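Right, one structure below, let's go through it.
Nothing here was measured: the structure is a model prediction, and the numbers come from that model. Numbers here are sequence positions counted from 1.
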Amino acid sequence: QTVTLTTSGQTPVVNAVYGVLGDTVTDIAPATTDVANNFPYMLDPIEYAPGTYTLRADVTNEGGVTSSATQPITIGTVPPRDIRITGIQADSPISAPVTIAVETTTQPGTEITDVEVSLNDNDISGDLVINPSLLPPGENELLITVTDSSGNTTTASIPVSIGAVP
């Protein structure tokens, strides 16, 4: 989510510093001087636990005077993202059985409660082993669905190259 400021006054604003303030978090972003785009700040909700926070903006004008404004914000739950697979190389065909692991990014305090993995519509969630002798050579599809403790799900499709097996 991109947050921008609308400012007014006799002396132009030259920079803004944003902070997200909560019970246990104070996250201060570096100053932005992008006047043309209303001092954008990228607020990424996956970095915060769901809850109520205060967004604070400190703006400084050409004369060096700084003013602050605050706005209450609520961050809800967001689905996991950035599903990654470890144990295989992106451009290396698999020619021997390999065990993979699934990694993802979640909000603080949120845990992954379920991981479902299928390869060419065959469930491999139990052991997470890709056995190339059971698959056709060439590109195959690994489909991963993760569910977090808030009930949010994310699905990713990852191509897997299977090498010819003797």
Open item on the list: Just to verify, which of V78, D148, I46, T105 counts as forming a side-chain contact (heavy atoms from CB on, under 4.5 Å) with T110?
Closed with: D148
Which heavy atom in [X] sits nearest to a heavy atom in [Y], and how many Å separate them?
{"X": "V17", "Y": "A29", "result": "CG1-O, 3.5 Å"}
{"X": "S149", "Y": "G109", "result": "OG-O, 4.3 Å"}
{"X": "A49", "Y": "P108", "result": "CB-O, 3.6 Å"}

TODO: Run the numbers on Y18 and L5 for side chain to side chain contact (heavy atoms under 4.5 Å, CB included), then give the verdict.
DONE: CA-CA 10 Å; Y18 292 92; L5 285 176; 3.2 Å; yes
Look only at the side chain of [X] and the backbone of [Y], and say whether a donor-acceptor pair between them is shorter than 3.5 Å.
{"X": "T7", "Y": "V13", "result": "no"}
{"X": "Q107", "Y": "P45", "result": "yes"}
{"X": "D34", "Y": "N37", "result": "yes"}
{"X": "T104", "Y": "R81", "result": "yes"}
{"X": "N61", "Y": "G64", "result": "yes"}

So how far is it from [X] [atom1] to [Y] [atom2], rounded to the nearest 0.5 Å?
{"X": "T153", "Y": "E116", "atom1": "OG1", "atom2": "CD", "result": "9.5 Å"}
{"X": "E62", "Y": "T11", "atom1": "CD", "atom2": "OG1", "result": "7.0 Å"}
{"X": "T33", "Y": "N15", "atom1": "OG1", "atom2": "CG", "result": "7.0 Å"}
{"X": "L143", "Y": "S118", "atom1": "CG", "atom2": "OG", "result": "4.5 Å"}

Does some side-chain heavy atom of [Y] sit less than 4.5 Å from a side-chain heavy atom of [X]?
{"X": "P132", "Y": "V165", "answer": "yes"}
{"X": "S92", "Y": "S161", "answer": "no"}
{"X": "L43", "Y": "Y48", "answer": "yes"}
{"X": "L55", "Y": "Y41", "answer": "yes"}

- [ ] Tell me, yes or no, whether the heavy-atom count around D123 atom CG, taken from other residues, nucleotides or ligands under 6.0 Å, exceeds 12.
- [x] yes
- [ ] Given side chain to side chain contact (heavy atoms under 4.5 Å, CB included), test T74 with Y53 step by step and report yes or no.
- [x] CA-CA 6 Å; T74 300; Y53 297 87; over 6 Å; no
Open item on the list: Before you tell me yes or no, could you show the steps for T60 and T66 under side chain to side chain donor-acceptor pair (under 3.5 Å), namely the whole-Å CA-CA distance, both residues' side-chain angles and the distance that decides it to 0.1 Å?
Closed with: CA-CA 4 Å; T60 304; T66 299; 2.9 Å; yes
TODO: Give the other cluster members for L135, using side-chain heavy-atom distances under 4.5 Å between Ile, Leu, Val, Met, Phe, Trp and Tyr residues; answer none if it is isolated.
DONE: I83, I85, I88, I94, V98, I100, V102, I112, V115, V117, L119, I124, L128, I130, L142, I144, V146, I158, V160, I162
TODO: Run the numbers on E103 and T86 for side chain to side chain contact (heavy atoms under 4.5 Å, CB included), then give the verdict.
DONE: CA-CA 8 Å; E103 297 175 352; T86 60; 3.6 Å; yes
- [ ] Only pairs at least two apart or in different chains count here, so list each side-chain hydrogen bond (donor to acceptor under 3.5 Å, both in side chains) that has a residue in residues 128-145.
- [x] N120-N140, N131-S133, E141-S157, T145-T155
